[in-house]
Engineer: 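There's a structure below that I have some questions on.
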Amino acid sequence: MDFPSEPFRIKVVEPIRRTTREEREKLIQNAGNNVFNIPADAIYVDLLTDSGTSAMSDNQWAGLMLGDESYAGSKNYYHFEATVRDIFGFEHIIPTHQGRVAENLLFSTLLEKGQIIPNNIHFDTTRANVEYNGGQALDLVIDEAYDPHLEHPFKGNMDLNKLERLIKNQGRHRIPLVMMTITNNSGGGQPVSMQNIRETRQLLKQYEIPLFFDACRFAENCYFIKEREEGYQDKPIKEIAGEIFSHGDGCTMSAKKDGLVNMGGFIGLNDDALSEQITNRLILIEGFPTYGGMAGRDMEAVSRGLQEVLNEDYLRFRISQVRNLGKMLDDQGVPILKPVGGHAIYLNAREFLPHIPQHQFPAQALTVALFREAGIRAVEIGGLMFGHKDPETGEDVFPELEMVRLAIPRRVYTTQHMVYVAESITKLYKEREKIKGLRLVHESPVLRHFTARLEEVEG
Ligand SMILES: Cc1ncc(COP(=O)(O)O)c(C=O)c1O
């Protein structure tokens, strides 16, 4: 295995606690079989998300002490603006406290009822923000993305035939912009190639449709391009990022991922009029344009994090840590989505638990079992997150893939933690027929997976 050791040493530690199986049994029952309802201090290895869970560097912590909390014109904003502009190249930089606010501001400003937003695959908050604002969120990723066994270097690519067909059938006026999520989280953290970005840009240019990136994991996407795409092996990550964003008209970014911070985000864009409209709304719901929803010290941490994330030793370690967890599982026959993506391992729950039908939420059942048996928290990305009733027929509609995502926080867990995770999942796999399906007993109308309660199906 290519196992680069950690390119950092540990200066501060945060104790984590092992609970007993009996404690976990009680906790998961009280939580309604939903790991979002479990207190974090009862989790041993928390792989719920890589979002906002990164360990900051000494340089970032030092930056917090330089926080300028002036209401207007904080010096940290100017540093933040200059850093973001340097990497992403956009004219206007609008700070927000996290990614979904950036999405909300963008879509509530620009989207008209009945319009369509295509994406490779929308992340759940992106989809929800499009739909909440009266739009239709369409996923146009290449078909290969839906085959969990297929080794394809750029499974996050947009299907340009599907996109062109949509534009021709619906007309340019129904598509105010196209999004591209790099890397494609909901499709397995899979990258998009530079060629696909370039070709998407060329196609959209013909129809004068803007291209926006969901840039949460842009540095990881850049690393994959460097590793896998002809002509990029000798290019620095920053240069690759510059080329990607030169093809776009704007981006939304949750800095909680590749910003290496616990909170933060922004919109970057070139359109003056749109920027002004968004800024007016920003003042109404987030804050003054030189802080958005962030403290001055948080903007400083983002500026420093965005520079650190471009470091190749860091990215090599990061991508290898995730990939090696995948290899340990694959070697034991555990079904995972392939190839391994940038930030997470996705267990293929349909193959892991073939005895549980999709309407009994196999991926959620596996998530629950993982906590109960090993104190590991993962997240379901399957029927609970994306299933819904067809508004016309009233029938349940389920997504293609039924996955459990093990998202690895950045710079947080050691190699030995990853060995523990691999061994625990392998043990669970060997005893998989003991795991039971689930049924919903409570669900909310939007983003139901966060608050749903479920019970075990007997027999
Ligand atoms: C691809 C993608 N877009 C948007 C978001 C939303 O970001 P936030 O959680 O900061 O609102 C996430 C969060 O995980 C994400 O992965």
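By convention here, the first residue in the shown sequence is residue 1. Numbering of ligands and ligand atoms starts at 1, following listing order. These numbers were taken from a predicted model, which means no experiment stands behind them. What you see below is based on every heavy atom in this structure, not just the backbone, and it leaves out hydrogens, waters and symmetry mates.
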Engineer: For residues 373-388, which residue pairs pass the side-chain hydrogen bond (donor to acceptor under 3.5 Å, both in side chains) check, not counting sequence neighbours?
Structural biologist: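 Every side-chain hydrogen bond (donor to acceptor under 3.5 Å, both in side chains) pair that includes a residue of residues 373-388, provided the two are not neighbours, is R21-E373, D46-R377.
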Engineer: Of the options T252, D139, N119, which is the one that meets T181 in a side chain to side chain donor-acceptor pair (under 3.5 Å)?
Structural biologist: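 That would be N119.
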Engineer: Please check if the side chain of K162 supplies one atom and the backbone of V141 the other of a donor-acceptor pair under 3.5 Å.
Structural biologist: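 Yes, the answer is positive, given that a donor and an acceptor are paired below the 3.5 Å cut-off.
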Engineer: Would you mind listing each N/O atom of ligand 1 next to any protein N/O under 3.5 Å, plus the distance?
Structural biologist:
residue: ligand 1; atom: 3 (N); partner: D214; partner atom: OD1; Å: 3.4
residue: ligand 1; atom: 3 (N); partner: D214; partner atom: OD2; Å: 2.7
residue: ligand 1; atom: 7 (O); partner: K257; partner atom: NZ; Å: 3.2
residue: ligand 1; atom: 9 (O); partner: Q98; partner atom: NE2; Å: 3.3
residue: ligand 1; atom: 9 (O); partner: R100; partner atom: NH2; Å: 2.9
residue: ligand 1; atom: 10 (O); partner: Q98; partner atom: NE2; Å: 3.4
residue: ligand 1; atom: 10 (O); partner: G99; partner atom: N; Å: 2.8
residue: ligand 1; atom: 10 (O); partner: S254; partner atom: OG; Å: 2.7
residue: ligand 1; atom: 11 (O); partner: Q98; partner atom: NE2; Å: 2.8
residue: ligand 1; atom: 11 (O); partner: G99; partner atom: N; Å: 3.3
residue: ligand 1; atom: 11 (O); partner: R100; partner atom: N; Å: 2.8
residue: ligand 1; atom: 11 (O); partner: R100; partner atom: NE; Å: 2.7
residue: ligand 1; atom: 14 (O); partner: K257; partner atom: NZ; Å: 2.8
residue: ligand 1; atom: 16 (O); partner: N185; partner atom: ND2; Å: 2.8
residue: ligand 1; atom: 16 (O); partner: R217; partner atom: NH1; Å: 2.9
residue: ligand 1; atom: 16 (O); partner: R217; partner atom: NH2; Å: 3.4

Engineer: Of the options E312, E239, E243, E220, which is the one that meets K226 in a salt bridge (Lys or Arg N to Asp or Glu O under 4.0 Å)?
Structural biologist: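 Exactly one pass, corresponding to E312.
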Engineer: Measuring centre to centre across the rings, with the benzene-like ring taken for any Trp, is Y71 within less than 6.0 Å of Y291?
Structural biologist: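 They qualify: ring centres under 6.0 Å apart.
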Engineer: Compute the centroid of each ring, for F88 and then for F218, and state whether the two points are separated by less than 6.0 Å.
Structural biologist: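 Ring centroids of F88 and F218 are less than 6.0 Å from each other.
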